[in-house]
Chemist: 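Okay, here's the structure, questions in a sec.
A, B, ... follow the sequence lines: proteins, then strands. Residue 1 opens every chain. Since the model is a prediction, treat every value here as computed from it, not as a measurement.
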Amino acid sequence: MASREAQKQATRRRVLEAARDLFDEIGYDAATVRAIADRAGVSVGSVFTTFTSKDDILSQVMLDRLDALYGEIQNVTPHLRGSTADRVRSLFAVLYAFETRRVKLFLAHIAASYSWRNEPSTVPYGRNVRLRAMLAEGLRNGIERGDVREDADIDTLIDCLMAAYAWNYRLAAAQGASAETMTALMDKQIGLILEGAAPR
Amino acid sequence: MNHMPLRSISAVAQVRRPTQRALAKQRTREKILASAKNLFTEKGYEGATIRDIAAAAGMSTGAVFASFTDKSDLFNEIIAADRDALYGAMRAAAQGETAEEALLAMFAVGFEFHLDDLPLLQATIAASWSPQLGSQVRGRLAERPVTDLIAEVLKAAAGRGELSRTADVALLSQMLWDCYLANFRHVAFDTWGPDALQRRLREQIKVILASARTK
């Protein structure tokens, strides 16, 4: 017989998979906790033994997804070549290619990042420490390489990049823009931002 | 005649005096809008039901539907009213010797406006990302885009020689607007006030406009 902890983990996994699919198929608002529980084949009560709210479920779905992705990116980054701008471009191109596979899920993730009711456990878009750390490392390497100014404010640059990255999804929401379209726009934006951070 | 001065509009209104019924209808609309604004602010777009809104306004759901076709109609009306007021205030504030100063003054008005009413801003942003409601909200917001105001500031700066005439004004305006909106997350998660927001935005404006400077 499976231990209680193993059962809890299995429920957690099933709920996260069901939620990931439902958020993407019918949108975050339409996907109720009841619908998620039904799809996962568990009771609503057991969802709430593991998660505190639907926002919490979304946050966990994204953390799991992104942890795997960021692991892959971290393996690739040492092999990137070219200017800092080009390296940052490669990174965001991977993100667009990945997130457009489940675009409604990502739109919900961005929308949730503006919630003023988030609980401490939720990690909304823009707060993922791993992505911020990867970008910070890339920019600091740029300082060493000499194409980013020594006194550049790394946090400000990351905020500029992440604002552009997220709000470009308005093209996906409004016109169903592809990863290629958004990547092309982002390439220009990264160029402008890093030009703004170049040594004078 | 597109730009009829306000005074002459009210003069026309006085000549054609509204009927009692039209006045009552107008009062009902205003009551519903006030109660809907409170509920959207409190519960977000999804959380506020027409039933709650009707109850808070002291009327039946039927009476609400006599004035508005559905919840999204009501929501759009509220954000359109806010947007027009804010747009006017931001335009008036967009003054300064440099593009940076004009933009900061303009965005300060925006921050101040929304800081009083953050949950409604959140409901609007969340709704603009929603697949169902999104296109309508985006359409409404796009009627008077603030990016146009930003573009005017940048074009004036190019006219003065502060920015290059070949700068991609549309792209720069969009990026500045994205930063302005994204910064509200620091209010939600880092409890930033207007001063901290302005400091970050000033740095962002410097970075984004740097490539377009003439020297």
Side-chain angles (χ1 to χ4, degrees), chain A residues 23-30 32 54 103-104 106-118 120 122-127 149 152-153 155-157 159-176 185-186 188-198 200, chain B residues 41-47 114 117-135 137-139 141-142 167-168 171-172 174-191 199-213 215:
Chain A
F23 290 155
D24 191 49
E25 285 164 22
I26 61 176
Y28 182 72
D29 292 326
T32 59
K54 191 163 87 169
V103 76
K104 275 193 212 161
F106 196 68
L107 296 184
H109 183 50
I110 302 174
S113 73
Y114 285 91
S115 175
W116 271 265
R117 295 184 195 83
N118 272 316
T122 57
V123 180
Y125 173 77
R127 308 298 289 187
R149 210 166 47 240
D153 182 350
D155 261 347
T156 295
L157 295 176
D159 270 6
C160 289
L161 291 168
M162 293 194 60
Y165 171 69
W167 281 93
N168 286 346
Y169 279 91
R170 73 162 72 73
L171 297 175
Q175 309 153 18
L185 178 57
M186 187 75 197
K188 280 203 233 173
Q189 292 162 327
I190 293 169
L192 277 176
I193 291 165
L194 281 162
E195 214 178 305
R200 285 194 246 276
Chain B
T41 301
E42 199 182 309
K43 300 186 167 179
Y45 179 76
E46 289 300 323
H114 289 302
D117 218 352
L118 284 177
L120 191 66
L121 173 69
Q122 185 229 322
T124 309
I125 293 176
S128 77
W129 289 113
S130 141
Q132 288 89 16
L133 189 63
S135 61
V137 175
R138 279 191 301 273
L141 293 173
D168 188 343
L171 182 65
L172 293 172
Q174 192 67 61
M175 289 171 73
L176 290 165
W177 177 238
D178 294 347
C179 284
Y180 162 79
L181 284 178
N183 286 350
F184 279 101
R185 286 198 295 249
H186 288 300
V187 180
F189 296 100
D190 307 310
T191 61
R199 269 198 303 278
R200 174 55 53 91
L201 192 61
R202 185 186 287 277
E203 291 307 310
Q204 290 168 323
I205 293 171
K206 280 192 208 304
V207 167
I208 290 171
L209 293 187
S211 65
R213 299 233 176 257
K215 52 176 188 309

Chemist: Could you work out, with ring-ring contact (aromatic ring centres under 6.0 Å, His included) as the rule, every residue matching A/F23, not counting sequence neighbours?
Modeler: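 Residues passing ring-ring contact (aromatic ring centres under 6.0 Å, His included) with A/F23: A/Y28.
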
Chemist: What's the separation between atom CD in B/Q174 and atom NZ in A/K188, rounded to the nearest 0.5 Å?
Modeler: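 So the CD of B/Q174 and the NZ of A/K188 are separated by 12.0 Å.
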
Chemist: I want to check something: taking the side chain as every heavy atom from C-beta on, are A/D155 and B/E203 in contact at a cut-off of under 4.5 Å?
Modeler: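 Side-chain contact under 4.5 Å: no.
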
Chemist: The test is side chain to side chain contact (heavy atoms under 4.5 Å, CB included); show your working for B/H186 and A/D159 and say whether it passes.
Modeler: CA-CA 10 Å; B/H186 288 300; A/D159 270 6; 2.7 Å; yes

Chemist: Return the option, out of B/L171, B/L209, B/L201, B/D168, with the maximum number of heavy-atom pairs under 4.5 Å with chain A.
Modeler: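 Counting heavy-atom pairs under 4.5 Å, the top option is B/L171.
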
Chemist: Taking atom CZ of B/R202 and atom OG1 of A/T156, what is their separation to the nearest 0.5 Å?
Modeler: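 OG1 of A/T156 is found 12.5 Å from CZ of B/R202.
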
Chemist: Drop me the distance from A/Y114's OH to B/L121's CG, to the nearest 0.5 angstrom.
Modeler: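 So the OH of A/Y114 and the CG of B/L121 are separated by 8.5 Å.
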
Chemist: In Å, rounded to the nearest 0.5 Å, how long is the span from OG of B/S128 to CD1 of A/I110?
Modeler: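 The CD1 atom of A/I110 is 9.5 Å from OG of B/S128, to the nearest 0.5 Å.
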
Chemist: So which part of B/L172 gets closer than 4.5 Å to some heavy atom of chain A, the side chain, the backbone, both or neither?
Modeler: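 Just the side chain, heavy atoms under 4.5 Å.
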
Chemist: Do B/D178 and A/R170 come within less than 4.5 Å of each other through their side chains, counting heavy atoms only?
Modeler: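 Side-chain contact under 4.5 Å: yes.
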
Chemist: Is A/L194 in contact with chain B via its backbone, its side chain, both, or neither, using a 4.5 Å heavy-atom distance?
Modeler: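 For A/L194, no heavy atom lies under 4.5 Å from chain B.
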
Chemist: Would B/Y45 and A/D29 satisfy side chain to side chain contact (heavy atoms under 4.5 Å, CB included), going step by step from the backbone distance to the final call?
Modeler: CA-CA 10 Å; B/Y45 179 76; A/D29 292 326; 5.7 Å; no

Chemist: Search all heavy atoms of B/A182 against all heavy atoms of A/A163 and return the closest pair with its distance.
Modeler: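 Scanning both residues, the minimum pair turns out to be CB-CB, 3.6 Å.
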
Chemist: B/A126 and A/A111: which non-hydrogen atoms are nearest, and at how many Å?
Modeler: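 Residues B/A126 and A/A111, closest heavy atoms: CA-CB, 3.9 Å.
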
Chemist: Heavy atoms only: give me the nearest A/E195-B/S211 pair and the separation to one decimal.
Modeler: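 Between these two residues, the closest heavy atoms are OE2-CB, 3.2 Å.
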
Chemist: Looking at A/G191, A/A152, A/A108, A/C160, which has the largest count of heavy-atom pairs under 4.5 Å with chain B?
Modeler: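 Heavy-atom pair counts peak at A/C160.
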
Chemist: Select, from A/A172, A/A174, A/A164, the one with the greatest count of heavy-atom pairs under 4.5 Å involving chain B.
Modeler: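 Of the candidates given, the most pairs with chain B belong to A/A174.
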
Chemist: Starting at CG of A/D153, measure out to NZ of B/K206 and round the result to the nearest 0.5 Å.
Modeler: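 Atom-to-atom, A/D153:CG and B/K206:NZ are 11.5 Å apart.
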
